[in-house]
Visitor: 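One structure coming up, written as structure tokens, with questions to follow.
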There are 2 protein chains.
Amino acid sequence: MADVSLTTRPDPHVTATRGEQAGPAAEPSWDLIELLFFAYRDFVGDPDEVLAKLGFGRAHHRVLHFVNRNPGIKVADLLDVLKITKQSLGRVLKQLIDDGYVAQREGEHDRRQRLLYVTPAGEALAMQLAGLQTARISRVLGELGPGGREVVRRFLAGMIDAGDRDRVLRMVARADRTRPRRRDGAP
Amino acid sequence: MADVSLTTRPDPHVTATRGEQAGPAAEPSWDLIELLFFAYRDFVGDPDEVLAKLGFGRAHHRVLHFVNRNPGIKVADLLDVLKITKQSLGRVLKQLIDDGYVAQREGEHDRRQRLLYVTPAGEALAMQLAGLQTARISRVLGELGPGGREVVRRFLAGMIDAGDRDRVLRMVARADRTRPRRRDGAP
DNA sequence: CCATTATGTCAGCATTATTGACATATTTCG
DNA sequence: CGAAATATGTCAATAATGCTGACATAATGG
């Protein structure tokens, strides 16, 4: 049974890849639809296990992740990224704060703002979770060979709604620069 | 602002792709982690809208999808694929049956079994939803150029837990053969 | 006949999301 | 200055989707 189709094969239904024209949809991409479902489920599965032991869920992960990646982010911007309501965010954010994984600080220019930062414990947890997901990704990219990473990146970026894509890519790029060197004014 | 990084660029943190060795996790793949999050959200977003108008949710989509792809599937096997409990499945399955999207039939050899099939309405809905997702996928694959599809496919397959991978790939391959020609004994 | 299997169902609970309404503090602007 | 707008927090109710545990029914199979 080993290793079916993890290697390249002719792939009968590559009918022509039919790029642009969104005609009457020849034949659904069943394989990619299903693989994406299973891949994403397992991709978030590893963090889920760790979080469950702390009494947290997937929602906590998302909040912790984006706060870690965007130190000093405003609550309003976080809501924008996550596309949830502030009531939904409030609950999980309160738990993360109460448990000492996230801290708030007043904005310097605008004291209404509660800028969000991860605590050292929060950063450690965020890095642990990201490490699990990165391990999975790295293993696969290693199997793909050179160039694979860029193809995957372009595929995922292209799958994002056009209206959001640039904002997301800007955020990814910005945070790429922000994280590496320990940011200045962390609490 | 347009089109950042949808084109290939040097990509600073490609540190060596560090394939196999799962050492102390050098630097997280922040970009792919986040892109996967946003890509999956939008990938399921299109069907979500259609389903909401019918009073259905994502859970209904998954059930309808796998029944459509695996006509005559046993309840137990569906539970295995979805990895949920029969109580959770029962709720959404009952709605799909009551609303005429899924039908049950007794197994021929084993009359305890309730084999699941989509009705014509169910097939139409499943195809509509798959069409939306396929349109998104096809557009991106068209932008990736030849070879992109296979890289993406291998990436997604590789992201699946090793223990499940073969089973999933076998299912994908089997259904690839099952669907195309109208199956024999559908209700 | 009896143990097992396949399925369904009742009851209760948790997580994560929603909407609507309102409260508080602060900034901004006329 | 004072009113309007903004940023955030919170209360209450509801929905979707998952869970556990317990039990019921029907059919299979030794």
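The basis for the numbers below is simple: all heavy atoms, side chains too, and nothing from hydrogens, waters or symmetry mates. Residue numbers start from 1 in every chain, and the chains themselves are labelled A, B, ... in the order their sequence lines are given, proteins ahead of strands.
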Visitor: I'd like to know if Arg91(A) reaches the base of dG9(D) with its side chain, counting only an N/O donor and acceptor under 3.5 Å.
Guide: no

Visitor: Take atom CG of Leu93(B) and atom P of dA16(D), then tell me their distance rounded to the nearest Å.
Guide: 17 Å

Visitor: Taking CG from Leu89(A) and C1' from dT18(C), how many angstroms apart are they, rounded to a whole number?
Guide: 14 Å

Visitor: 5'-most contact on DNA chain C: Gly55(A) or Lys94(B), nearest heavy atom basis?
Guide: Lys94(B)

Visitor: Looking at dC19(D), I'd like to know if its phosphate oxygens (OP1 or OP2) sit under 4.0 Å from a side-chain N or O belonging to Thr85(B).
Guide: yes

Visitor: What's touching nucleotides 26-30 of chain D from the protein side, N or O pairs under 3.5 Å?
Guide:
residue	atom	partner	partner atom	Å
dA27(D)	OP1	Arg111(B)	NH2	3.4
dT28(D)	OP1	Arg111(B)	N	3.4

Visitor: Assess whether ring-ring contact (aromatic ring centres under 6.0 Å, His included) is satisfied between Tyr101(B) and Tyr117(B), documenting all intermediate values.
Guide: CA-CA 9 Å; Tyr101(B) 292 95; Tyr117(B) 299 88; over 10 Å; no

Visitor: Quick one: side chains of residues 49-63 of chain B, donor-acceptor pairs under 3.5 Å with protein atoms, not counting sequence neighbours, listed by atom name and distance.
Guide:
residue	atom	partner	partner atom	Å
Arg58(B)	NE	Asp48(B)	OD1	3.4
Arg58(B)	NE	Asp48(B)	OD2	3.1
Arg58(B)	NH2	Asp48(B)	OD2	2.6
His60(B)	ND1	Gly57(B)	N	2.8
His60(B)	NE2	Gln95(B)	OE1	3.0

Visitor: Over how many whole Å does the gap from Asp48(A) atom CG to dA14(C) atom C1' extend?
Guide: 14 Å

Visitor: Please report, rounded to the nearest Å, how far the C1' atom of dC13(C) is from the CD atom of Gln87(B).
Guide: 13 Å

Visitor: A cation-pi test, strictly: NZ or CZ of Arg136(A) under 6.0 Å from the centre of the six-membered ring of Phe43(A) and no more than 45 degrees from its axis. Yes or no?
Guide: no

Visitor: Can the ring centroids of Phe38(B) and Tyr40(A) be said to lie less than 6.0 angstrom from one another?
Guide: no

Visitor: Are any of His60(A)'s side-chain N or O atoms less than 4.0 Å away from OP1 or OP2 of dT16(C)?
Guide: yes

Visitor: Working to the nearest 0.5 angstrom, can you tell me the gap between Arg114(B) CZ and Leu78(B) CG?
Guide: 15.0 Å

Visitor: Whole-Å distance between dT5(C) P and Leu79(B) CG?
Guide: 16 Å

Visitor: OP1, OP2 of dA16(D) versus side-chain N and O of Gln95(B): anything below 4.0 Å?
Guide: no

Visitor: Can you tell which of dT17(D), dA11(C), dG9(D) lies closest to the side chain of Arg62(B)?
Guide: dT17(D)

Visitor: How many whole angstroms separate atom CD of Gln104(A) from atom C1' of dT10(D)?
Guide: 14 Å

Visitor: Write down the distance between CZ (Phe56(A)) and C1' (dA14(C)), rounded to a whole number of angstrom.
Guide: 15 Å

Visitor: Can you tell me how far OG of Ser138(A) sits from CD of Glu27(B), rounded to the nearest 0.5 angstrom?
Guide: 11.0 Å

Visitor: Taking atom NZ of Lys86(A) and atom CG of Leu79(A), what is their separation to the nearest 0.5 Å?
Guide: 8.5 Å

Visitor: Answer with base, sugar-phosphate or nothing: what part of the nucleic acid does Gly57(B) contact at a heavy-atom distance below 4.0 Å?
Guide: sugar-phosphate

Visitor: To the nearest Å, how far apart are Leu96(A) CG and dT16(C) P?
Guide: 10 Å

